[in-house]
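The chain is numbered in sequence order, starting from 1. On a predicted model such as this, the values are computed, not experimentally measured, just so you know.
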Amino acid sequence: MLLIKLSEQNVKVKKSRPVNLDLQTMRFPLTAIASILHRVSGVITFVAVAILLWLLNLSLSSPEGFTTAVSITDSGLVTLMLWGILTALFYHIVLGVRHLLMDLGYFEEMETGLASTKVSFVIVAILSVFAGVLVW
């Protein structure tokens, strides 16, 4: 117990702050991990838009530009990057809809929030497989 003196009154305050603030040893709940990854996928999508717009501009500039864009996207590494971009976009959209539903008052309890996170991950996994089929 901590004893605090406030304007001539003694108030007992129970100190319930976390002792360990080392982020590497803390275990985050699944909903927190989903929220953090939602932000990361937003950044990836933002950066990817610039790259994809450059590639679109290159492909529309001339027939030689189109050939160059096709040769760039034929690389296995670029195909993997395109799959990653689509997966990040799908993740951001699905969990963004989940966040909007939470703003409307749904999935706010711990059990329903955890269940909606798991369902969102399954939906993203299915869409990720679809993106892989689409890209390759």
Side-chain angles (χ1 to χ4, degrees):
M1 290 288 206
L2 183 65
L3 193 61
I4 299 175
K5 188 173 184 179
L6 295 174
S7 63
E8 303 302 322
Q9 293 179 347
N10 292 332
V11 179
K12 291 183 180 181
V13 178
K14 187 174 182 179
K15 191 174 180 182
S16 63
R17 295 182 182 182
V19 177
N20 183 10
L21 292 177
D22 185 12
L23 294 179
Q24 295 177 346
T25 60
M26 291 177 71
R27 291 184 45 134
F28 291 106
L30 189 62
T31 53
I33 293 169
S35 180
I36 292 167
L37 289 176
H38 180 253
R39 294 167 194 250
V40 170
S41 68
V43 171
I44 291 170
T45 303
F46 179 76
V47 172
V49 165
I51 296 168
L52 294 174
L53 284 175
W54 168 78
L55 195 59
L56 178 65
N57 183 38
L58 178 65
S59 70
L60 295 176
S61 64
S62 66
E64 295 81 21
F66 180 78
T67 306
T68 305
V70 168
S71 67
I72 290 172
T73 56
D74 279 343
S75 166
L77 180 62
V78 175
T79 305
L80 183 66
M81 286 174 53
L82 289 174
W83 174 76
I85 289 169
L86 283 174
T87 301
L89 178 64
F90 288 145
Y91 185 89
H92 195 71
I93 290 171
V94 169
L95 269 84
V97 169
R98 179 182 167 270
H99 280 293
L100 287 174
L101 289 173
M102 289 175 65
D103 287 342
L104 293 174
Y106 300 102
F107 311 126
E108 290 182 335
E109 294 79 25
M110 189 59 133
E111 297 83 23
T112 58
L114 187 60
S116 70
T117 302
K118 290 177 182 178
V119 168
S120 298
F121 283 163
V122 169
I123 293 171
V124 170
I126 292 169
L127 290 173
S128 179
V129 170
F130 171 71
V133 170
L134 188 67
V135 170
W136 274 290

Is a side-chain donor or acceptor of S128 paired with a backbone partner of V124 at a separation under 3.5 angstrom? no

Is there a side-chain contact between N57 and L53 in this structure, where contact means two heavy atoms from C-beta onward sitting under 4.5 Å apart? no

Is there a continuous path of hydrophobic side-chain contacts, each under 4.5 Å between heavy atoms, that joins L55 to V70? no

Any donor-acceptor pair under 3.5 Å linking the side chain of Y91 with the backbone of A34? yes

Rounded distance [0.5 Å steps], CG in L134 versus CG in L82: 10.0 Å

Short side-chain to backbone donor-acceptor contact, S116 and G113, under 3.5 Å: yes

Report the C-alpha distance between I85 and I51 in whole Å, list the side-chain angles of each, state the deciding distance to 0.1 Å, and finish with yes or no for side chain to side chain contact (heavy atoms under 4.5 Å, CB included). CA-CA 10 Å; I85 289 169; I51 296 168; 5.6 Å; no

Group every Ile, Leu, Val, Met, Phe, Trp and Tyr by side-chain heavy-atom contacts under 4.5 Å, then state whether V129 and L80 land in the same group. no

Flag yes if V94 and L30 sit in one hydrophobic cluster, no otherwise; membership is Ile, Leu, Val, Met, Phe, Trp, Tyr, and two members link when side-chain heavy atoms are under 4.5 Å apart. yes

Which distance, rounded to the nearest 0.5 Å, do you find between the CG of L58 and the CD1 of I72? 5.5 Å

Looking at CG of L37 and OG of S120, how far apart are the two atoms once the value is rounded to the nearest 0.5 Å? 12.0 Å

Going from CG on L89 to NE2 on H92, what distance comes out if it is rounded to the nearest 0.5 angstrom? 8.5 Å

Those residues that, when tested against E64, pass side-chain hydrogen bond (donor to acceptor under 3.5 Å, both in side chains) (two or more places apart): S62

Using 0.5 Å steps for rounding, measure from the CG atom of L101 to the CD atom of E108. 10.5 Å

Taking a hydrophobic cluster as the set of Ile, Leu, Val, Met, Phe, Trp and Tyr residues connected by side-chain heavy atoms closer than 4.5 Å, whether directly or through intermediates, do I33 and L95 fall within one such cluster? yes

Heavy-atom closest contact (S59 atom, L56 atom, distance): OG-O, 2.8 Å

Kindly check if the number of other-residue, nucleotide or ligand heavy atoms within 6.0 Å of CZ (F28) is above 12? yes

Rounded at 0.5 Å granularity, tell me how far CD1 in I93 sits from NE2 in H38. 9.5 Å

Single-linkage hydrophobic cluster V119~L127, side-chain heavy atoms < 4.5 angstrom: yes

What do you reckon, is CE of M81 surrounded by more than 12 foreign heavy atoms closer than 6.0 Å? no

Looking at S35 and T31, would you say the former's side chain and the latter's main chain have a donor-acceptor pair under 3.5 Å? no

Parallel, tilted or perpendicular, judged at 30° and 60°: which one describes the rings of F90 and F130? tilted

Classify the ring geometry between W83 and W136 as parallel (under 30°), tilted (30 to 60°) or perpendicular (over 60°). tilted

